[in-house]
There are 2 protein chains.
Amino acid sequence: MSRKAFQRLSQDDRRRDLIEATLVCIAQHGLHGATVRRIADQAGVTPGLVRHHFGSKEEMIRNAYAYLVGQLTTEASERARQARGAADAQLRQFLVANMTAPNLSEEKVSLWATFVGRVRYEADFATIHREGYREFLHLLEALIEPVLIDHGLPHDTATCRRHAIALNGLIDGLWVEGSLNSGLYGQALLPDLLLDASERLLGLPANTLSRSH
Amino acid sequence: MSRKAFQRLSQDDRRRDLIEATLVCIAQHGLHGATVRRIADQAGVTPGLVRHHFGSKEEMIRNAYAYLVGQLTTEASERARQARGAADAQLRQFLVANMTAPNLSEEKVSLWATFVGRVRYEADFATIHREGYREFLHLLEALIEPVLIDHGLPHDTATCRRHAIALNGLIDGLWVEGSLNSGLYGQALLPDLLLDASERLLGLPANTLSRSH
DNA sequence: CGAGGAGTTATTCGATTGTATAACAGGCAG
DNA sequence: CTGCCTGTTATACAATCGAATAACTCCTCG
């Protein structure tokens, strides 16, 4: 019986392949069903590779969590950055990015929830969550402040932070429920609803976010 | 070697004991670590009992999920019902109930997230989630409408529903992030922030929710 | 008080898991 | 073209899992 033919990949490529295979397995079968054998199978390699590149299954999964969080915030901040217009337009794009594909995805929400469920009891997950949360909050604060300034609203640090916390909560909640109940909503409802709600939360004139750009 | 002395419980009591033991195990060790043996150990019985009362481990876990969802919505709606004042006060209590113990709990959020992570890929979990979501949304709508009426605001069905979706998202998001990052916030911050944000979302005069009752 | 049955325990089994180790082979240095 | 390093495969192993079965005991009912 001959050995399986295989391809040699760069360390980065192989690691990324394994991480993405891990995410697929966790989404479809849960953390309990994401076995080393299944991950390897999904990636088209043999189980030994997981250990070779990540040392242990737990380390493999930690890397997958960090990878997911990075994907989510990078996508949103990138979309905001590309809106090279007024502050309104940047905030708008950031918000919309979280209510549309690829971030609005049942698979991504499932993964996020699965990991978040472990944050309380596993220190490494808590670290990844905390850093991701802080980064997201800072991005949001930085986007909110110039908008408040443009409209002549109070924009002290405490106010910005408070708005960011509320807005972040609203984004998270709509993102989760919107993805899981995507069948119930039209595709345009969620972005529209978030923009509308954000204007109210920040005290902006109606349609400043909805109409910008 | 003598057999372990044991106590005979009513079916309801034993099932509840097992369900709560299951939730403890899932919270602490995740779905993958909630083994029949560990659950039985947590409940102070032997593994066979799980099968005897629930048929299989999966059925056991489904019951635990439904139990958790029921706990959360019952607590919030009960607190709202007990505020026998104006509509403002009832909505206020409903909101506050979700930002304070026992609902605001790292353990409960961890459990909720763990289960939600499976909603996409397991039909039974999807059913439990969907029913819970609809019930929560209806409760919220029913609480919002009279408040809008009292303040002379538009209160057609579509408007109420839209407000309920946004408010539900805000509650969920703050609930999750607030519980997981409870160390970062003072105990009074979250309820206060949610009430304030809810007033803005619904277009109510400032302090109508914060000051009622 | 003393059977009978349902609730509970004890024990076992095949399957699957994460990990360890040795054998193999692809592709770059010389 | 040819070693040789290391990415990769193949195989094995102890531990643990969910489930099944049989034995036992608490409690109810007559």
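The chains referred to below are lettered A, B, ... by the order of the sequence lines, with proteins before strands, and numbering in each begins at 1. Please read all numbers here as calculations on a predicted model, not as lab measurements.
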I need the CD-C1' distance between A:Glu59 and C:dG18, as an integer number of Å. 15 Å

Is the number of heavy atoms from other residues, nucleotides or ligands within 6.0 Å of CD (A:Glu58) greater than 12? no

Using whole Å, report how far CZ of B:Arg14 lies from P of D:dC27. 11 Å

Please classify the nucleic acid contact of A:Val45 as base, sugar-phosphate, or nothing, using heavy-atom distances under 4.0 Å. sugar-phosphate

Between CG of B:Leu49 and C1' of D:dA19 the distance, given in whole Å, is 15 Å

Identified side chain to side chain donor-acceptor pair (under 3.5 Å) counterpart of B:Tyr67 within the set B:Glu20, B:Arg16, B:Arg15: B:Glu20

A side-chain contact here means heavy atoms from C-beta on lying under 4.5 Å apart; do A:Leu190 and A:Trp175 qualify? no

For D:dG7, does either OP1 or OP2 sit under 4.0 Å from a side-chain N or O belonging to A:His52? yes

Rounded to whole Å, the CD1-P distance (A:Ile39 to C:dT17) equals 11 Å

Would you mind reading off the distance between B:His53 atom NE2 and C:dG7 atom P, rounded to a whole angstrom? 7 Å

Between C:dT17 (P) and A:Glu58 (CD): distance, integer Å: 16 Å

Non-hydrogen side-chain atoms of B:Thr159 and B:His155 separated by less than 4.5 Å: no

Separation of C:dG7 P from B:Asp12 CG (nearest whole Å): 12 Å

Would you kindly give the CG-to-C1' distance between A:Leu18 and D:dT8, to the nearest whole Å? 11 Å

Minimum heavy-atom separation for A:Ala80 and A:Gln93, please, with both atom names. CA-CB, 4.1 Å

Can you label the angle between the B:Phe136 ring and the B:Phe94 ring as parallel, tilted or perpendicular, going by 30° and 60°? tilted

List, with names and distances, any nitrogen or oxygen atoms from the protein found under 3.5 Å away from nitrogen or oxygen atoms belonging to nucleotides 14-17 of chain D.
none

